[in-house]
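Counting starts at 1 for both ligands and their atoms, following the listed order. What you are looking at is a predicted structure, and each value in this text was computed from that prediction instead of being measured.
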Amino acid sequence: MRDVDRVVVEDVGLQLLQMMENAGRILAWHVRDVRESDVVVVAGNGGNGGGGLTCARHLANRDVPVRVVLDRPPEELSGAAAHQRRILDEMNVPVTSGVESLADADGRTTIVDALIGYGLSGNLRPPADKYISRMSDLFGPTVSLDVPSGIDATTGEPLGEVVAPDRTVTLALPKTGLDVHTGKLYLADISIPRTVYDRLNLEYEPPFGDDDWVRLEQ
Ligand SMILES: NC(=O)C1=CN([C@@H]2O[C@H](COP(=O)(O)OP(=O)(O)OC[C@H]3O[C@@H](n4cnc5c(N)ncnc54)[C@H](O)[C@@H]3O)[C@@H](O)[C@H]2O)[C@@H](O)CC1
Ligand SMILES: [K+]
C-alpha cells in the first residue's frame, strides 16, 4: 500500500487530499449508517487523522452532531491534518484535545477511530494508549478508518492497546494485518487508477463494480 501511495502521488499525480476526500466521504457514509446519536472523531496527525477530519466535515454538512478530539493540541497538527482542521474551524465544528474530552461520550455516542492507520511505527507511545483504552471502554458503535488503531497493518500484531471496532473501512487495498478483529470490514475506493497497480506489476481486478465500496469477508 505504501508503494501504491507513492506511485499514485509521485508518478501519476493524484494529490493526497484528493484521495483523502474520497476516504472521508465514504467513511462518513458508514458512520451515518451505524450512528444512533452524536459522533466523536478521534484523530491523530497523519493521513489517518486527516481522513477522520474530512469525515467530520462531511458529517457536519449533513447536520450530524459531530466533534473532534485530537491526540495533541490543535496547533501542533501539520500537513493535511492541519489543513482539514482549519476548514473545520471555519465551520465551527468543535475541535478539542486531551483524553478528558472523551469523558462525556455516552453509550450511544458513535466513535470514529482515526487515530493511527498503517503509519504506526514501534510500540504504541503515550498518549495514544490512553485514547485507545477510553475508546474501548465506550459502548456506542465504533468505526475504524483503514485499520483498528494499535495494530501493525502488515502483521496484525497488537503494538499496545487496540481498538475493537464494530466496522472498519479500509482504503484501496485490504492490509494483510486485517486478519484480526475488525468488525464488519469494508473496502473503499479512493480513486487509485489501475495504471498504478500495473506499474507495480500487481495483479489487480477492480473489485468495486458500480459501487464506491464493497464488503469483505474474512
Ligand atoms: N493514499 C493515501 O496515502 C491516503 C492515506 N490515508 C490514510 O493515511 C494513513 C497513512 O498515513 P500516515 O503515513 O501519515 O500515517 P498514520 O496516520 O497511519 O500514522 C501517523 C500517526 O500515528 C502516530 N503514531 C505513529 N507511531 C506511533 C506510536 N508508536 N505510538 C503512538 N502514535 C504513533 C503519529 O503520531 C501520527 O499521528 C493510512 O492508513 C490511511 O488511513 C487516507 O487518509 C487518504 C489517502
Ligand atoms: K484507525
(message) Among all the protein's non-hydrogen atoms, which is closest to atom 39 (O) of ligand 1, and how far away is it?
(response) Asp146 OD2, 2.6 Å
(request) Check each heavy atom of Asp5 against ligand 1 and say whether those closer than 4.0 Å belong to the side chain, the backbone, both or neither. (result) side chain
(request) Check the side chains of Thr182 and Gln218 for a donor-acceptor pair under 3.5 angstrom, ignoring hydrogens and angles. (result) yes
(message) Which residue in the set Asp5, Thr170, Asn48, Thr154 passes side-chain hydrogen bond (donor to acceptor under 3.5 Å, both in side chains) when paired with Tyr118?
(response) Asp5
(request) Just to the nearest 10 degrees, tell me the angle at the K ion (ligand 2) spanned by Leu145 O and Ser149 OG. (result) 170°
(request) Specify the protein heavy atom at minimum distance from atom 26 (N) of ligand 1: its residue, its atom name, and the distance to 0.1 Å. (result) Ser121 N, 3.1 Å
(message) Under 3.4 Å from the K ion (ligand 2), is there any N, O or S atom belonging to Val147?
(response) yes
(message) Would the distance check show the side chain of Tyr131 and the main-chain N or O of Gly98 forming a donor-acceptor pair, the cut-off being under 3.5 Å?
(response) yes
(message) As a check for students: among Gly46, Ala172, Pro127, identify the option with a heavy atom nearest to atom 21 (C) of ligand 1.
(response) Gly46
(request) Look only at the side chain of Asn123 and the backbone of Gly160, and say whether a donor-acceptor pair between them is shorter than 3.5 Å. (result) no
(message) Please determine whether side-chain contact (heavy atoms from CB on, under 4.5 Å) holds for the pair Gln84 and Leu17, giving the CA-CA distance in whole Å, both sets of side-chain angles, and the decisive distance to 0.1 Å.
(response) CA-CA 9 Å; Gln84 303 295 357; Leu17 289 177; 3.5 Å; yes
(message) Geometry only, no angles: is Gly47 polar-contacting ligand 1 at N/O separations under 3.5 Å?
(response) yes
(request) Report yes if Leu115 has an N/O atom closer than 3.5 Å to an N/O atom of ligand 1; otherwise report no. (result) no
(message) Could you identify the single nearest non-hydrogen protein atom to atom 13 (O) of ligand 1 and state the distance to 0.1 Å?
(response) Tyr118 CE1, 4.0 Å
(request) For Asp106 and Thr109, test the side chains for any donor-to-acceptor distance below 3.5 angstrom and give the result as yes or no. (result) yes
(request) State whether Ala114 contributes an N/O/S atom found under 3.4 Å from the K ion (ligand 2). (result) no
(request) Quick one: look up the protein heavy atom nearest atom 5 (C) of ligand 1 and list residue, atom name and how far away it is. (result) Leu16 CD1, 4.2 Å
(request) Check ligand 1 against Met19 and write out every atom of the ligand that is under 4.0 Å from a heavy-atom position of the residue. (result) 1 (N), 45 (C)
(message) Checking a contact table here: which protein heavy atom is nearest atom 15 (O) of ligand 1, and how many Å away?
(response) Gly119 CA, 3.4 Å
(request) Verify side-chain contact (heavy atoms from CB on, under 4.5 Å) between Arg72 and Leu77, making sure each step is shown before the conclusion. (result) CA-CA 8 Å; Arg72 66 199 70 209; Leu77 290 182; 4.1 Å; yes
(request) Distance to 0.1 Å, residue and atom name: give those for the protein heavy atom nearest to atom 44 (C) of ligand 1. (result) Met20 CA, 3.6 Å
(request) Could you tell me whether the side chain of Arg134 and the main chain of Ala103 form a donor-acceptor pair under 3.5 Å? (result) yes
(message) Between Asp113 and Ser149 (side chain of the first, backbone of the second, donor and acceptor by atom type, cut-off under 3.5 Å), is there such a pair?
(response) yes
(request) Quick one: pull up CD1 in Ile132 and CG in Asp137 and give me the separation to the nearest 0.5 Å. (result) 12.0 Å
(request) Specify the closest pair of heavy atoms between Val162 and Ile151, including all atoms of both residues, with the distance to one decimal. (result) CG1-CG2, 3.6 Å
(message) Restricting to N/O/S atoms, is Ser144 within less than 3.4 Å of the K ion (ligand 2) or not?
(response) no
(message) Judged on heavy-atom distance to atom 22 (O) of ligand 1, which of Leu27, Ile116, Thr170 sits nearest?
(response) Ile116
(message) Return the closest protein heavy atom for atom 9 (C) of ligand 1 as residue, atom name and distance.
(response) Asn48 N, 3.5 Å
(message) Just to confirm my output: which protein heavy-atom neighbour is closest to atom 28 (C) of ligand 1, and how far is it?
(response) Leu120 CD1, 3.4 Å
(message) Taking the basic N atoms (NZ, or NE/NH1/NH2) and the acidic carboxylate oxygens, is any pair closer than 4.0 Å for Asp33 and Lys184?
(response) no
(request) Give the name of the N/O/S atom in Asp113 that lies closest to the K ion (ligand 2). (result) O
(message) I'd like to know if the K ion (ligand 2) has an N/O/S atom from Asp146 within less than 3.4 Å of it, counting both backbone and side-chain atoms.
(response) no
(request) Would you kindly specify which portion of Leu171 sits under 4.0 Å from ligand 1, judged on non-hydrogen atoms: side chain, backbone, both or neither? (result) side chain
(request) Give the ring-plane orientation class for His30 versus Trp213, where under 30° counts as parallel, over 60° as perpendicular and anything between as tilted. (result) perpendicular
(message) For the 3.5 Å polar cut-off, considering only N or O atoms, please tell me whether Ala128 and ligand 1 meet it.
(response) no
(request) Kindly say whether Gln15 contributes a backbone atom to a donor-acceptor pair with the side chain of Gln18 at under 3.5 angstrom? (result) yes
(request) Kindly say whether Glu161 contributes a backbone atom to a donor-acceptor pair with the side chain of Asp129 at under 3.5 angstrom? (result) no
(request) List every atom of ligand 1 that sits less than 4.0 Å from any heavy atom of Gly117, numbering the atoms from 1 in the order shown and giving each element. (result) 16 (P), 18 (O), 39 (O)
(request) May I ask which of Arg125, Arg2, Arg6 has a heavy atom nearer to atom 33 (C) of ligand 1 than the others do? (result) Arg125
(message) Below 4.0 Å, non-hydrogen atoms only: which portion of Asn45 touches ligand 1? Side chain, backbone, both or neither.
(response) both
(request) Under 4.0 Å, heavy atoms only, figure out whether ligand 1 is touched by the backbone of Gln15, its side chain, both or neither. (result) neither
(message) Does ligand 1 come near enough to Asp71 that some N or O of the ligand is less than 3.5 Å from an N or O of the residue?
(response) no
(request) Pick out which of Val41, Thr96, Leu53 makes a side-chain contact (heavy atoms from CB on, under 4.5 Å) with Leu70. (result) Leu53
(message) Does the residue Gly122 have a heavy-atom contact with ligand 1, meaning some pair of atoms that are separated by less than 4.0 Å?
(response) yes
(request) Answer yes or no: is there an ion pair linking Arg86 with Asp89, defined by an N-O contact shorter than 4.0 Å? (result) no
(request) Examine all N, O or S atoms of Val163, backbone included, and report whether one is under 3.4 Å from the K ion (ligand 2). (result) no
